[in-house]
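Taking it in order: structure first as structure tokens, then the write-up.
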Amino acid sequence: MIELRSDTFTKPTKKMIEAISVTELGDDVYGEDNTVNRLETLSAEMLGKEAGCFMPSGTMANLASIMAHCPRGSKVLVGDESDIYIYEAGGAAVCGGIMYESIPTQVDGRLLIDDLEKSLLIDKNDPQFALPALICLENTHNRCGGIVLPLEYLKQVSELANKYKVPIHMDGARLFNASTYLGVKPSEIVKYADSVQFCLSKGLSAPIGSMVVGSKSFINKVRRIRKMLGGGMRQVGVVAAAGIVSLNEMVDRIKEDHDNTLILAKGLADIPGVEVNIDNVQTNIVFFTINDERYTWQEFIERAQDLGLNIAELGYGRIRAVTHYGINKEDIYKALDIISNILK
């Protein structure tokens, strides 16, 4: 089966398995798992932040970050197409008493500066209003097709946030895809954010886990909230060891995923009945639609699965394909053959 539904389907590498089998373990709730400590230090250093905290998932990482930034009764500004707003079960509202204010997401993943400022520009002395406490950005942007936010835009949002004394949290689940596309270190991207979460279990291919990085005082808050949410783990070095391998060995190979995605997108564009915008393909995600009256998107996905290709819909009838460590060029060409044969 060719698995293109998500890069979360990656399997750990041989070196990850070897690292897991020999890693030093301790109780991480006591701060005594040295493997976790090394992963947290490495993550913070790579992103130019003071400290890091290992989290079970990106959802918990984002939630703990939002709760650490925002007092109860305040609001967080999020894109209306962001993963935080759509796919994370309203956690900030349920667990933190924090209101989401959705900002229109542009096709390139940006939240317009004017739109953000409208939500920031309120009378703080008026007791009717929930005070804005945080801006959330997503980079790369999943539902916009893995698109990367420009550095100049991030600088503009940072200047706006400083003006209104509101911090920025970056959902950088695929941050290293963004840095690969831009050709810069990830620290150059996240210097415009006060906190960042990134996933180890997507393009970096670790089996479990995400990281939150930020200032020491912020990470101390995150660690306490992680415990409250049930994310305090014990001998978690068994998975942190894979995360260290991810950061040391799996970053440079991400370009291979981007190259394969572009091959896929160009091949899709040549198939009658497929609509795809190649100009929007920047990283490891491609969206396409099927314009063939014989198939609904559900029927098309089911037919593809029957023929050995897993793909998935991600809003508005769009089909998403995601490349990753488990996919090579041969798989891409096989996937194109399957799609072409369905539509003949």
Linked, directly or transitively: Phe287 and Ile2 (ILVMFWY side chains, under 4.5 Å): no
Grab the two heavy atoms, one from Glu88 and one from Gly58, that are nearest each other, plus how far apart they are. OE2-O, 4.3 Å
Would you confirm whether Ser102, through its side chain, and Asp80, through its main-chain N or O, come within 3.5 Å as a donor-acceptor pair? no
If you compare all heavy atoms of Leu200 against all heavy atoms of Ile208, which two are closest, and at what distance to 0.1 Å? CB-O, 4.4 Å
May I ask you to check whether over 12 heavy atoms, not counting those of Phe218, lie within 6.0 Å of atom CZ? yes
Asp171 side chain reached by Leu137 side chain, heavy atoms, under 4.5 Å: no
Strictly distance-based, threshold 3.5 Å: is any side-chain N or O of Arg174 a donor or acceptor partner for the main-chain N or O of Phe198? no
So if you build clusters from Ile, Leu, Val, Met, Phe, Trp, Tyr with side-chain heavy-atom gaps below 4.5 Å, do Ile342 and Tyr333 land together? yes
Residues at least two apart in sequence or cross-chain that pass side-chain hydrogen bond (donor to acceptor under 3.5 Å, both in side chains) with Lys118, listed by chain then number, are none
Glu3 side chain vs Arg5 backbone, donor-acceptor pair below 3.5 Å: yes
Ion pair Glu330/Lys334, N-O distance below 4.0 Å: yes
Got a sec: does the CZ of Arg224 have more than 12 other heavy atoms crowding it under 6.0 Å? no
Any side-chain donor-acceptor pair under 3.5 Å between Glu256 and Tyr325? no
Hey, are the side chains of Leu131 and Lys75 touching, using non-hydrogen atoms and a 4.5 Å cut-off? no
Between Asp194 and Ile168, is there a donor-acceptor pair closer than 3.5 Å when you use the side chain of the first and the backbone of the second? yes
Are Met55 and Arg226 packed together at the side-chain level, in the sense that at least one heavy-atom pair is separated by less than 4.5 angstrom? yes
Report yes or no: do Ser195 and His69 form a side-chain donor-acceptor pair below 3.5 Å? yes
Using the test side-chain hydrogen bond (donor to acceptor under 3.5 Å, both in side chains), find all partners of Glu188 that sit at least two apart in sequence or belong to another chain. Lys191
Could you list all the salt bridge (Lys or Arg N to Asp or Glu O under 4.0 Å) pairs where at least one residue sits in residues 44-70, not counting sequence neighbours? none
Polar side-chain atom of Asp28 near backbone of Gly31 as donor-acceptor pair, under 3.5 Å: no
Please report the closest heavy-atom contact between Leu63 and Cys95, naming both atoms and the distance. CD2-SG, 4.2 Å
CG of Asn280 to CD1 of Ile285, rounded to nearest 0.5 Å, is 12.0 Å
Stepwise, does the side chain to side chain contact (heavy atoms under 4.5 Å, CB included) test hold for Cys144 with Val107? CA-CA 6 Å; Cys144 291; Val107 294; 5.9 Å; no
Partners meeting side-chain hydrogen bond (donor to acceptor under 3.5 Å, both in side chains) with Ser215 (sequence neighbours left out): Ser217
Could you tell me if the side chain of Leu343 sits less than 4.5 Å from the side chain of Pro272, heavy atoms only? no
Of Thr180, Leu204, Val190, which meets side chain to side chain contact (heavy atoms under 4.5 Å, CB included) against Leu175? Val190
Steps toward side chain to side chain contact (heavy atoms under 4.5 Å, CB included) verdict (Gln156, Leu154): CA-CA 5 Å; Gln156 292 170 1; Leu154 295 177; over 6 Å; no
Is it the case that Thr23 and Thr35 place a side-chain donor and acceptor less than 3.5 Å from each other? yes
Identify, with sequence neighbours excluded, every residue that meets side-chain hydrogen bond (donor to acceptor under 3.5 Å, both in side chains) alongside Thr261. Thr323
In one Ile/Leu/Val/Met/Phe/Trp/Tyr side-chain cluster, 4.5 Å: Leu314, Phe9: no
May I ask whether Ile147 and Phe176 are part of the same hydrophobic cluster, defined by side-chain heavy atoms of I, L, V, M, F, W, Y residues being less than 4.5 angstrom apart, directly or through others? no
With sequence neighbours left out, which residue pairs that include part of residues 263-284 fulfil the salt bridge (Lys or Arg N to Asp or Glu O under 4.0 Å) condition? none
Donor + acceptor pair across side chains of Asn62, His169 (<3.5 Å): yes
Side-chain donor/acceptor of Glu40 to backbone N/O of Ala44, under 3.5 Å: no
Taking atom CD of Glu293 as the centre, does the number of heavy atoms from other residues, nucleotides or ligands within less than 6.0 Å exceed 12? no
Please determine, by modelled atom types, if Asn284 and His324 share a side-chain donor-acceptor pair under 3.5 angstrom. no
Can Glu117 and Lys163 be said to form a side chain to side chain contact (heavy atoms under 4.5 Å, CB included), step by step? CA-CA 10 Å; Glu117 188 155 26; Lys163 175 181 176 181; 2.9 Å; yes
Output yes when a side-chain donor or acceptor of Asp33 lies under 3.5 Å from a complementary backbone atom of Gly237, and no otherwise. yes
Matching residue for Ile189 among Val196, Asn139, Leu149 - test: side chain to side chain contact (heavy atoms under 4.5 Å, CB included): Asn139
If you define the side chain from C-beta out and look only at heavy atoms, does anything of His141 sit under 4.5 Å from Val148? no
Does any donor atom in the side chain of Gln197 or Ser65 lie under 3.5 Å from an acceptor atom in the other side chain? no
Can you check whether Gly317's main-chain N or O pairs, donor with acceptor, with Glu313's side chain at less than 3.5 Å? yes
Do we see a donor-acceptor contact under 3.5 Å between the side chains of Tyr85 and Arg143? no
Flag if over 12 foreign heavy atoms under 6.0 Å of CG, Asp252: no
Less than 4.5 Å apart, any side-chain heavy atom of Lys227 and any of Val29? yes
To the nearest 0.5 Å, how far apart are CG in Leu116 and CD in Glu101? 9.5 Å
Heavy-atom distance under 4.5 Å between the side chains of Arg303 and Glu299, does that happen here? no
Same apolar cluster (I L V M F W Y, side chains within < 4.5 Å links), Leu42/Ile254: yes
Of all heavy-atom pairs between Leu39 and Phe54, which one has the smallest distance, and what is that distance? CD2-CD1, 3.6 Å
Would you call Ile135 and Leu120 a side-chain contact if the rule is heavy atoms closer than 4.5 Å? yes
Give a yes or no on whether the backbone of Pro71 and the side-chain of Ser74 come within a donor-acceptor separation of less than 3.5 Å. yes
Donor-acceptor pair, side chain of Ser246 and main chain of Ala242, under 3.5 angstrom: yes
Quick one, Asn260 with Lys329, criterion side chain to side chain contact (heavy atoms under 4.5 Å, CB included). Give me CA distance, side-chain angles, the key distance, then yes/no. CA-CA 6 Å; Asn260 285 339; Lys329 283 186 174 63; 3.1 Å; yes
Nearest heavy-atom contact between Ser205 and Met16 is O-SD, 3.5 Å
Atom of Asp331, atom of Ile327 and distance for their closest heavy-atom approach: OD2-CA, 3.5 Å
CD1/Ile103 to CD1/Ile113 distance, rounded to the nearest 0.5 angstrom? 11.0 Å
